[in-house]
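In what follows, chains are A, B, ... by sequence order, proteins preceding strands, each numbered from 1.
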Amino acid sequence: MAREERELICINCPLGCPLVVTLEDGVVQSVTGNTCKRGDAYGRKEVTSPTRIVTSSVPVDGSARDRMVSVKTATDIPKDKIFDVMSALEGVRLSAPVAIGDVVVANVAGTGVDVVATRRA
Amino acid sequence: MLSYEVVIIGGGPAGLAAAIAARESGCERVLVIERDDRLGGILNQCIHNGFGLHTFKEELTGPEYAARYEDRAQELGVEFCLGSMVIDVSSDLVVHAVSPERGVYGVQAGAVVLAMGCRERPRGALGIPGYRPAGIYTAGTAQRLVNMEGQMPGREVVILGSGDIGLIMARRMTLEGAHVACVAELMPYSGGLKRNIVQCLDDYGIPLLLSHTVTRIEGRKRVEAVWIAKVDEQRRPIPGTEVRYACDTLMLSVGLLPENELSREAGVELSPVTRGPVVDESLQTSVPGIFACGNVLHVHDLVDYVSQEADAAGRCAAHYALGQRSADVQADEAAEAQRALCLEAGNGVRYTVPSTIAPARMDERLTVRFRVDNVYRDRFVSVFVGDERIMHRKKRVLAPGEMEEVVLRRADLLERVDAGHIVIRLEEE
């Protein structure tokens with residue numbers, strides 16, 4: 001049996017707990033070093049199918065104050081889709097008014113996740 | 001002259017949280033003076049996620065976090081003067097500001113909360129030889145250009161300094177199609193949060209060169225290259241280790257400085273270590289009625305902690321303005337008010353906030369925040385009151401880039417007030 005230990009830094013929150021994930025034949029056996037249950041979940045996911053939230057900003061027309069509206073993927077998406085999300089945002093322009101949570105791109109890059117606005121404009 | 005119970009200087013995360021707390025503590029008239037034309041301060045350009053996990057138990061971006069506080073402050077009827085620059089705060093709590101609409105105006109405050117934040121250490125503070133070509137930006141300026149103005153500062157980037165904004169910008173520039181050659185850090189450890197090294201550098205294969213610095217900038221009109229050398233233990237460049245990086249942009253993330261010109265003019269005593277005001281347990285400065293919180297007090301790495309600190313400052317300012325502080329604890333205060341414990345940074349600790357604690361006046365629990373002076377593994381954080389150790393807690397890792405805290409209990413300090421001082425230090429066992 002192939003036993004493997006992987007050391008990670010949890011990125012769920014700024015505490016950055018040092019995690020040790022133990023795998024046997026590629027199957028997660030345990031996560032230690034975490035101080036909350038989010039850390040446990042992160043450790044398991046990071047060694048099997050890592051994900052990230054992507055944030056960016058896109059231009060907005062018709063706002064007296066803002067040139068750009070900040071946006072994010074509503075939930076985390078697979079790490080290897082980050083640049084596909086960025087490509088999908090190229091050329092996107094919004095028109096004011098924009099509310100926080102407005103969908104900017106639905107089902108971005110086929111991830112099943114929407115890109116939403118994080119600023120009012 | 002206008003008159004308010006609490007006047008808050010700065011409408012960023014600290015100012016907003018202080019304003020909310022002042023209203024919730026019973027002050028009717030609370031004013032926030034902000035020089036920008038919008039509230040939220042630096043959060044407006046921090047479009048990345050990771051804010052609010054402590055406060056809201058969810059992961060927000062900077063603008064979303066700011067919007068929650070802005071909405072709450074509006075709901076509570078906090079008043080705002082935007083586009084208004086404070087030019088003077090006097091020790092009798094008169095605030096003078098200037099704005100295009102009002103010209104120069106004065107406000108009499110019952111209490112003042114300083115929440116002006118900090119600014120970035122600029123190139124001029126570093127002494128890197130070379131011309132002054134275009135293409136050298138502080139990381140925060142670049143962040144504003146990309147995220148709020150929609151402008152790319154450059155295509156081939158080198159970053160000096162591994163502060164959080166530099167790490168965040170390494171990722172941001174990469175996502176926008178630029179190439180980030182490396183992040184060079186003078187110290188043998190990063191000044192940023194571990195999570196940012198993982199998700200901003202490691203994720204994108206951007207090298208972090210510890211114990212390295214920029215020794216030369218090439219280019220007259222525009223940056224053409226920078227030279228990076230290894231440094232020795234005294235942080236001096238080691239001859240023969242220089243490597244040339246062709247690039248059009250150098251970003252600096254080399255430290256933040258609390259912005260205390262107004263505080264100094266008001267006669268507020270400043271700490272040479274934090275460069276922020278010296279405060280007591282109520283976050284009151286050396287000038288009675290002037291309180292401080294957020295990055296103007298000491299540079300934070302988490303906005304959640306700024307909000308908590310500002311909440312305390314806003315509450316204490318409100319109590320001061322309403323005169324409750326003396327009413328509530330008048331009897332105690334007469335005897336105890338002068339009996340304060342000095343808080344000292346011991347072995348391994350750079351500074352503590354606050355600097356003094358009068359147990360009779362503190363809440364049931366008080367959060368003391370501090371930073372360590374180096375990277376440590378498996379140390380104990382110990383709190384001594386006089387010679388007696390009242391707290392001893394093991395930490396696996398401590399780093400200068402991550403603010404630490406201990407929570408002290410009123411009861412523990414009240415009975416030991418004669419000891420005179422409290423020391424927070426690191427111990428090996």
Are A:V116 and B:E64 close enough that some pair of their side-chain heavy atoms sits under 4.5 Å apart? no
More than 12 foreign heavy atoms under 6.0 Å from CZ of B:R35: is that the case here? no
Between B:D37 and A:R65, is the salt bridge (Lys or Arg N to Asp or Glu O under 4.0 Å) condition met? List the steps. CA-CA 8 Å; B:D37 58 0; A:R65 197 184 61 179; 5.7 Å; no
Which atom of B:R195 lies closest to which atom of A:I11, heavy atoms considered: NH2-O, 2.5 Å
Minimum heavy-atom distance B:A67-A:R120, with the two atoms named: CB-NH2, 3.7 Å
Could you check if a side-chain atom of B:E176 sits within less than 4.5 angstrom of a side-chain atom of A:S56, using non-hydrogen atoms only? yes
In the structure I gave you, are the side-chain heavy atoms of B:E59 and A:R38 within less than 4.5 Å of one another anywhere? yes
Part of B:Y204 within contact of chain A (heavy atom distance under 4.5 Å): side chain
Counting heavy-atom pairs closer than 4.5 Å to chain B, which one of A:T118, A:I100, A:I82 comes out on top? A:T118
For B:E58, look at atom CD and say whether over 12 heavy atoms of other residues, nucleotides or ligands are found less than 6.0 Å away. yes
Greatest number of heavy atom pairs closer than 4.5 Å to chain B - which of A:V54, A:L8, A:V58, A:D66: A:D66
Would you say that A:K72 contacts B:P63 through its side chain, given a criterion of any heavy-atom pair below 4.5 Å between the two side chains? no
Let me know if A:P50 has heavy atoms under 4.5 Å from chain B in its side chain, its backbone, both or neither. neither
Correct closest heavy-atom pair for A:K79 and B:D203 would be NZ-OD1, 3.2 Å
Min side-chain heavy-atom separation A:M68-B:I47 under 4.5 Å: no
Working to the nearest 0.5 Å, report the span between CD1 of A:I9 and CD of B:Q199. 11.5 Å
Is it the case that over 12 heavy atoms from other parts of the model lie below 6.0 angstrom from the CD atom of B:E428? no
Pick whichever of B:N44, B:L60, B:D202 has the most heavy-atom pairs under 4.5 Å with chain A. B:N44
Does B:T61 reach the side chain of A:R119, with side-chain heavy atoms less than 4.5 Å apart? no
